[in-house]
Amino acid sequence: VSVALLQALAAQGRLYPAVILHGGSTEARQEAAVELARTLLCDAPAERRPCGQCRHCRRITWPQAPASRSEPPAFHPDFTVLLRDLKTVTSVGAARELLATAQLSPFEARGQVFVVADAQSLSPEASNALLKTLEEPHESAPRHFLLLVPSRHDLLPTLRSRALSLFLGPAEPLTADEVRPLAEAFGGAVSRWAATGAAIYLLVAAQALAQARGFEDPRAGRPWALAARAVLEAGSGDGTAPPLRRALLALAEDLLEGPALRLRGIPERRILEGLVARRLAEVRG
Ligand SMILES: [Zn+2]
């Protein structure tokens, strides 16, 4: 699933009721949530959503901390953000308050959008309350939940299975100059593999990713983020067939779990070979 696809579904009013926005930086997740909410509630004709100018688009913004406000906060009654209310937890009390609003009809727009800002911090009770709401049939106006989380693995499996996931890529800031050579070497090997089916090219592809700098430190997340970004870039060309594109997206997400495997004592080369082979094997069946 790509951002563009989600935007298109949202503009046509066909977006899944629950969407997980995971990966990326906190800001990237917030931006994606605001953009999707505007698309869902915008007044403009479908092909121009979000217009950025209508009475809905203009008032849907991420809530600012009171201290950093320079002007009165924008407010839209049908766009609600649930922020973490306790130190490390989003409590069931706060979640229930949000869910009570979800039982009402929209005030102004054609639907409602609810955002959970730190979905990984939902208490188990809060997660279950949310899950129950997602399971209820909802017949009146469309109601959308956007769950923002660094890794979707931090959510309950039951919640994951009820939502569409959009991966926003690795969080680390990476430069195009670092990513490009890896993406080219990896992409070249994958093309040769796709054309010939020869497994040796999967090893070459994994070796290309192993060229990311910084693997000496087993705790470092950056080389894995670099490898993930290179994989995403290699799969982003128009010529990439959809099944291969999906496999590369899944591989990029797997790569971000690399440090956890490294800390179990597995050398990075073996992790890379294993992940590449596993995800790409799914493409050829
Ligand atoms: Zn608009």
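Both counts, for ligands and for their atoms, begin at 1 and track the order of listing.
- The angle Cys57:SG - the Zn ion (ligand 1) - Cys51:SG amounts to 120°, with values rounded to 10 degrees.
- Residues Val149 and Leu21 are not in side-chain contact: their nearest non-hydrogen atoms beyond the backbone lie 4.5 Å or more apart.
- Under the 3.5 Å distance criterion, with hydrogens and angles disregarded, a donor-acceptor pair is assigned to the side chains of Thr175 and Glu178.
- Under 2.8 Å from the Zn ion (ligand 1) lies no N/O/S atom of His56, from backbone or side chain alike.
- At a threshold of 4.0 Å, the pair Asp43-Arg49 does not count as salt-bridged, since none of the basic side-chain nitrogens sits closer than that to a carboxylate oxygen.
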Open item on the list: Is there a side chain to side chain donor-acceptor pair (under 3.5 Å) between Ser121 and Thr90? Walk through the geometry before answering.
Closed with: CA-CA 5 Å; Ser121 74; Thr90 303; 2.6 Å; yes
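- For the pair SG of Cys54 and SG of Cys42, the angle whose vertex sits at the Zn ion (ligand 1) is 120° to 10 degrees.
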